[in-house]
Amino acid sequence: MKYEFWLVVGSQFLYGNDVLETVDQRAREIASKLTEVLPYPVVYKVTAKTNKEVTDTVREANYDTSCAGIITWCHTFSPSKMWIDGIRDLLKPWCHFATQYNIEIPNEDIDMDFMNLNQAAHGDREHGFLGARLRKPRKIIAGHWTDENVHKRLSAWMRSAVGAAVSKDMKVMRFGDNMREVAVTEGDKVEAQIKLGWQVNTWAVGDLVKEMDAVTDAEIDELYKVYETSYDIATENTEAIRYQAREEIAIKKMMDREGCRAFSNTFQDLYGMEQLPGLASQHLMAQGYGYGGEGDWKVSALTAIMKAMGEGGNGASAFMEDYTYHLVPGSEYSLGAHMLEVCPSLAEGKPRIETHHLGIGMNAKDPARLVFEGKAGEGIVASLIDMGGRLRLIVQDIECVKPIMPMPNLPVARVMWRAKPDLATGVECWITAGGAHHTVLSYDVTAEMMRDWATMMDIEFVHITEDSTPEKLEDELFIKDIAWKLK
Ligand code: MN
């Protein structure tokens, strides 16, 4: 899907045609500049002067699947009562862009004509009141339209809005149920569809095995070549790699047939399969599909959404699990990995394909998997949990490091990070908020983007930062619990 954003400019008839023509021309210029520098095109739709023009544009936006959001701005004063019906009915993400055409006040030239043409300073306040009065979620970005920081913020908001569009279109294919007895990976699929748009449904593992049996040698040869180009093959066991290719091709066919962008499976239900999909799941994730282990459909869909929000529409975001800690004073880190399935978009260097014995689950043969180290850099981990009656998105700021030891006997991909504000406080906060052991780790989706996404989806957002303490967080969660029950 190719997404675009619509620029809707507010005005009125009071100023005469000359002014309206100037506004129209400048709106075109701004849309064209923003299209040049932002990740998605900005299409100038209208300078709205009446209730009908606003509501017609909003209706069109609501029904146009390529429109991922609207950006509004008031070059001149635009009385807000004419925006009530449109904004009330708006179903797409909304950014109120409080900018103005000129960057400076022209000392010599400024007169009342200039003032009447360039009055965003009060036009945007009238526009802002209506958003506040309607309690309509919106992103407010203020600053000049040529400013780089403004571009960065608009770009991040656009990515969140695309995340919302992808979410509303999300279908998750489940193979097998939730891992027996696990609580945090459970959730209300009806609530998830109402709030997030996710269609989460199950397919039989037997159907997948049938699909696998129908994969041809030629298809496997072709995918094997892709593996050879992308990764270093560090095993003699080519049969195991070919088996993973067979699994990948079959899963992909089934997902594409159903329009699914994410899937989950469980090592407890691999009936008829020789290996837990490792390399298969990893390479599917590299192509932008979401994945969740142990039946975790929530983390699977969130992985696909965050990937779509990342750089180039398939960023460095991956299904992750907090595994074990390094608690040496002054050098405290989390080690994240999974049984097999860590997305190579996190990798520093070229991943290796290895085969090893896997003791957990039904694995008749040693599964092939990608092994690598994660990159260093700022990132986040995100977890979506079901609080009973509502969904809570928890995001924690982290600093990924090059793993401080080689761990030569660890047969899986690994990422090492320091949680904010520090490991112990960070863990206390995470546990206080109820965050899962499964997360999406991202290098290119920011906490602000996830906050905006949560606002668009109307779900609770909790952010653990450099400044968090368990005490402050407990108070925050207590207030939010009451607020969300009343909402
Ligand atoms: Mn797991």
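Start at 1 and go down the list; that is how both ligands and their atoms are numbered. Worth saying up front: this structure is predicted, and the values here are computed from it rather than measured.
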- [ ] Can you check the number of protein N/O/S atoms within less than 2.8 Å of the Mn ion (ligand 1)?
- [x] 4
TODO: Classify the side-chain pair Trp6/Glu4 by whether it contains a donor and acceptor separated by less than 3.5 Å.
DONE: yes
Open item on the list: Can you give me the closest heavy-atom contact between Ile141 and Cys95, atom names plus distance?
Closed with: CD1-SG, 4.0 Å
Task: Ring-ring centroid check Tyr291 Trp297, cutoff 6.0 Å - done: no
Open item on the list: For Glu239, give me all partners under salt bridge (Lys or Arg N to Asp or Glu O under 4.0 Å), at least two apart in sequence or on another chain.
Closed with: none
Open item on the list: On a heavy-atom basis, which atom in Thr425 and which in Ser468 lie closest, and how many Å separate them?
Closed with: CG2-O, 3.9 Å
- [ ] Tell me, please, whether Tyr243 has Lys365 positioned over its six-membered ring: NZ or CZ under 6.0 Å from the ring centre and within 45 degrees of its axis?
- [x] no
